[in-house]
Novice: 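What follows is a structure written as structure tokens; I'll ask about it next.
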Amino acid sequence: MQRREAEKFERPDIFRPPSERESYFLPLTSGCSNNTCTFCGLYGCKLRLRDVREVQREIDALSMYVRHGVRVPDIDNIVYAVAQRWDGRRVFLQDGDAVVYPFPKLVAALQYLNEKFPDLERIGSYATPQDILRRSVDELRKLKELKLSIFYTGIESGDDEVLLKIGKGVNSSQMIEAGRKAKEAGITLSLTVILGLGGVEGSRKHVLETARVLSAIDPGYAGALTLTLVPGTPLWQEWQQGTFHPITPFESLEELKGLIENSSFTDCFFSSMHASNYLSIRGRLPRDKERMLKELERVLSRKDPSLLRPEFLRGL
Ligand code: SF4
């Protein structure tokens with residue numbers, strides 16, 4: 001780990017959940033510690049850890065700029081660019097799974113952030129199930145006390161066969177354990193699943209198993225994304241070689257419908273607002289279940305492609 005820190009840290013591009021659009025983006029790491037997911041653009045990337053003193057220097061510079069409009073020399077211009085449109089309330093820790101940052105350093109960075117910005121409402125981060133499982137409930141509680149209060153976690157699928165195939169590195173039981181652990185510590189969970197990840201042959205099982213895992217975790221937020229094959233990734237190659245058969249856009253809506261029908265939540269904000277989806281729907285489940293299913297049925301019964309987000313407007 002220490003050898004990695006000695007290497008020059010390059011600030012990662014901003015890749016964040018839609019709800020963090022107004023946050024300040026503070027990198028602790030770049031890349032992702034679980035770089036084996038065969039569908040992901042970070043496949044094979046190298047995890048880099050940022051020196052915690054560098055993180056603190058950035059927090060100092062941000063504080064000087066926000067309070068006094070003063071720019072500190074030798075600080076990346078992006079800091080000021082992000083600060084100019086920051087809402088001052090939320091911070092999002094970069095990168096693919098900033099919670100992998102060594103625990104004492106994570107605590108030090110969060111403490112410093114809280115010291116310099118005592119009025120922050122919330123700090124968020126991507127966290128893999130492995131990152132959560134690595135920490136005790138007390139450690140997670142400590143993070144929550146320091147306002148790291150929302151984890152964005154990719155469940156992708158609840159189907160163990162799919163999870164194994166895509167190299168997620170955990171099975172569905174570990175996924176459930178991680179989700180429950182974060183909840184026990186009082187951390188809000190925003191989970192994402194990927195429509196189409198089981199391909200044509202695995203579609204039904206992918207839906208039913210994913211609904212099972214989502215229901216078992218019972219998160220505050222859940223979002224569906226639609227599989228987008230990224231050139232160069234192993235899954236893209238499988239598709240090129242004819243061994244992975246992607247579902248159609250309307251089949252992705254069938255999967256979305258199946259997920260909503262088969263999930264059981266206490267109170268979950270469920271959406272397909274992500275730009276990768278062919279149709280955006282959202283609502284609170286179970287309250288809005290009927291309305292959301294009707295919206296989907298209306299589009300599915302017409303099978304009119306003009307009702308779908310066009311391919312060129314889809315994003316990752
Ligand atoms: S854990 Fe997430 S960010 Fe990391 S490779 Fe897998 S999908 Fe990508």
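For ligands, and for the atoms within them, numbers begin at 1 and follow the listed sequence. Sequence positions, counted from 1, serve as the residue numbers for this chain.
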Novice: Taking only residues two or more places apart in sequence, or in another chain, which ones meet Arg141 in a side-chain contact (heavy atoms from CB on, under 4.5 Å)?
Specialist: Val137, Asp138, Glu184, Ala185
Novice: Sequence neighbours left out, what passes side chain to side chain donor-acceptor pair (under 3.5 Å) with Glu295? Give chain and number order.
Specialist: Arg291
Novice: Could you tell me if Arg122 and Thr188 have a donor-acceptor pair between their side chains, going purely by distance under 3.5 Å?
Specialist: no
Novice: Between Asn277 and Thr226, is there a side-chain donor-acceptor contact under 3.5 Å, judged purely by atom types and distance?
Specialist: yes
Novice: Out of Tyr152, Phe15, Phe39, who is nearest to atom 7 (S) of ligand 1 when you count heavy atoms only?
Specialist: Phe39
Novice: Below 2.8 Å, which protein N, O or S atoms neighbour atom 6 (Fe) of ligand 1, ignoring water?
Specialist: Cys37 SG
Novice: Treating Thr38 as the side-chain partner and Pro234 as the backbone partner, does any N or O pair qualify as donor plus acceptor under 3.5 Å?
Specialist: no
Novice: When clusters are formed from ILVMFWY side-chain contacts under 4.5 Å, directly or step by step, what else is grouped with Leu42?
Specialist: none
